[in-house]
Amino acid sequence: MRRGRILRALFVSMLVNLFYAFVSYILISWPREILRNSAAKVFSTSKGIKNVQLLNPIRYIDPIGILAFAFFDFGWTRSPLIDYPKAKKKDLFFYSLFGIVSSFLLFLVYGIIARYANNAMLFRILYTSAKWSLTYAFISILPIPPLDSTRMILAFLPSKYYEWYLKFNFYGVIFMIGLLVLWILPMIMHPFVIIITNVTNFIIFGNW
């Protein structure tokens with residue numbers, strides 16, 4: 001009987017944690033794309049970059065990425081749809097840069113709001129969203145397809161490499177999953193997650 005209560009309590013706790021993770025994941029992915037596309041709309045003229053399903057928050061959920069965030073405090077979202085042959089290189093560079101900058105902005109916004117949040121549930125969501133936004137900004141700098149930094153590099157390469165990128169774009173995700181399963185990526189990210197947590201605590205609590 002006691003064992004059953006413990007198992008039920010653990011199950012409920014897991015569901016609660018997954019709920020918080022889901023809400024925080026939506027807050028770091030959907031507004032990021034809205035900010036990115038808003039900036040791109042102002043500065044970009046490329047027909048290859050479109051606001052596809054921008055108002056659908058589910059569009060940017062990557063199943064493995066959200067689980068990675070929930071269990072390891074780092075992960076990724078589903079990449080935006082880009083018609084690479086039609087996208088101008090300059091616009092492709094800034095479109096990717098806007099994504100990284102948007103994550104930094106969301107980190108500051110969520111962190112500042114969390115500092116003044118009086119509700120425990122709201123604080124937890126905002127704290128996690130702030131930390132994950134900063135983590136995702138850092139993850140996006142890694143040169144692994146389909147992360148933003150690879151599109152920024154692609155902008156400086158000849159057009160013939162577009163085909164290579166599209167071919168290995170999918171395999172980049174598999175590569176990241178492999179690093180995750182083999183525990184290589186968690187070991188690499190662990191010290192950075194600690195630093196990111198300290199930076200988040202500094203923004204919210206004012207101490208390191």
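Side chains are part of it too, since the values below use all heavy atoms of this structure and drop only hydrogens, waters and symmetry mates.
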| remark: So CG of Asn118 and CZ of Phe123: to nearest 0.5 Å the spacing works out to 11.0 Å
| query | So which heavy atom on Leu180 is nearest to which on Leu185, and how close? | reply | N-CB, 4.2 Å
| Option from Ile153, Leu147, Asp148 for which side-chain contact (heavy atoms from CB on, under 4.5 Å) with Arg151 holds | Asp148
| Can Arg32 and Ser102 be counted as having a side-chain donor-acceptor contact under 3.5 angstrom? | no
| message | Is there a side-chain contact between Ile144 and Phe175 in this structure, where contact means two heavy atoms from C-beta onward sitting under 4.5 Å apart? | response | yes
| field | hydrophobic_cluster_shared for Leu108 and Phe138, side chain cutoff 4.5 Å | value | yes
| task | Start with the C-alpha distance between Tyr95 and Asn37, add both sets of side-chain angles, then the distance that settles side-chain contact (heavy atoms from CB on, under 4.5 Å), and finish with yes or no. | result | CA-CA 8 Å; Tyr95 185 78; Asn37 282 278; 3.3 Å; yes
| task | Calculate, to the nearest 0.5 Å, the distance between atoms OG1 and CZ belonging to Thr135 and Phe72 respectively. | result | 14.0 Å
| Parallel, tilted or perpendicular for Tyr127 and Phe205, by the 30°/60° rule? | tilted
| said: With rounding to the nearest 0.5 angstrom, report the CD1 to CD1 distance, Ile64 to Ile177. | reply: 4.5 Å
| note | For Glu33 and Pro80 the tightest heavy-atom approach is OE1-CB, 4.1 Å
| Ring center gap for Tyr136 and Phe107 short of 6.0 angstrom | no
| note | Minimal heavy-atom distance between Tyr110 and Pro31, with the atoms involved, is OH-CG, 3.6 Å
| field | Chi angles and distances behind the side-chain contact (heavy atoms from CB on, under 4.5 Å) call for Ile26, Ile61 | value | CA-CA 8 Å; Ile26 293 296; Ile61 295 179; 3.7 Å; yes
| query | Should Val16 and Leu10 be counted in the same cluster of Ile, Leu, Val, Met, Phe, Trp and Tyr side chains packed under 4.5 Å apart? | reply | no
| said: Applying side-chain contact (heavy atoms from CB on, under 4.5 Å) to Met189 and Asp73, what does each step give before you reach the verdict? | reply: CA-CA 9 Å; Met189 287 298 302; Asp73 267 345; over 6 Å; no
| query | Which distance, rounded to the nearest 0.5 Å, do you find between the OH of Tyr25 and the CG of Leu18? | reply | 13.5 Å
| request: Provide the closest heavy-atom pair for Ile28 versus Ser129 in the form atom of the first, atom of the second, distance. | output: CG2-O, 3.4 Å
| query | Going through the distances and angles, do Phe93 and Phe156 end up as a ring pair (Phe, Tyr, Trp, His ring centres under 6.0 Å)? | reply | CA-CA 8 Å; Phe93 173 85; Phe156 294 97; 5.5 Å; yes
| Does Val193 offer a backbone N or O that forms a donor-acceptor pair with the side chain of Lys131 under 3.5 Å? | no
| query | Just by distance, do the side chain of Ser13 and the backbone of Ala9 share a donor-acceptor pair under 3.5 Å? | reply | no
| said: I'd like to know if the side chain of Ser96 and the backbone of Ser149 have a donor-acceptor N/O pair within less than 3.5 Å. | reply: no
| Is there a path from Phe192 to Leu106 through hydrophobic residues (I, L, V, M, F, W, Y) whose side chains come within less than 4.5 Å of each other? | no
| field | Over 12 foreign heavy atoms within 6.0 Å of CE, Met121 | value | no
| Looking at OG of Ser38 and CZ of Phe98, how far apart are the two atoms once the value is rounded to the nearest 0.5 Å? | 10.5 Å
| task | Give the C-alpha distance, both sets of side-chain angles, the deciding distance and a yes or no for side-chain contact (heavy atoms from CB on, under 4.5 Å) between Trp30 and Ile34. | result | CA-CA 6 Å; Trp30 189 31; Ile34 292 176; 3.8 Å; yes
| query | Are Ile204 and Leu122 co-members of a hydrophobic cluster defined by side-chain heavy atoms under 4.5 Å apart? | reply | no
| Nearest-0.5 Å distance, CD1 of residue Ile196 to CG of residue Leu134 | 5.0 Å
| message | Hydrophobic clustering (ILVMFWY, side-chain heavy atoms < 4.5 Å, transitive) - are Val42 and Ile100 grouped together? | response | yes
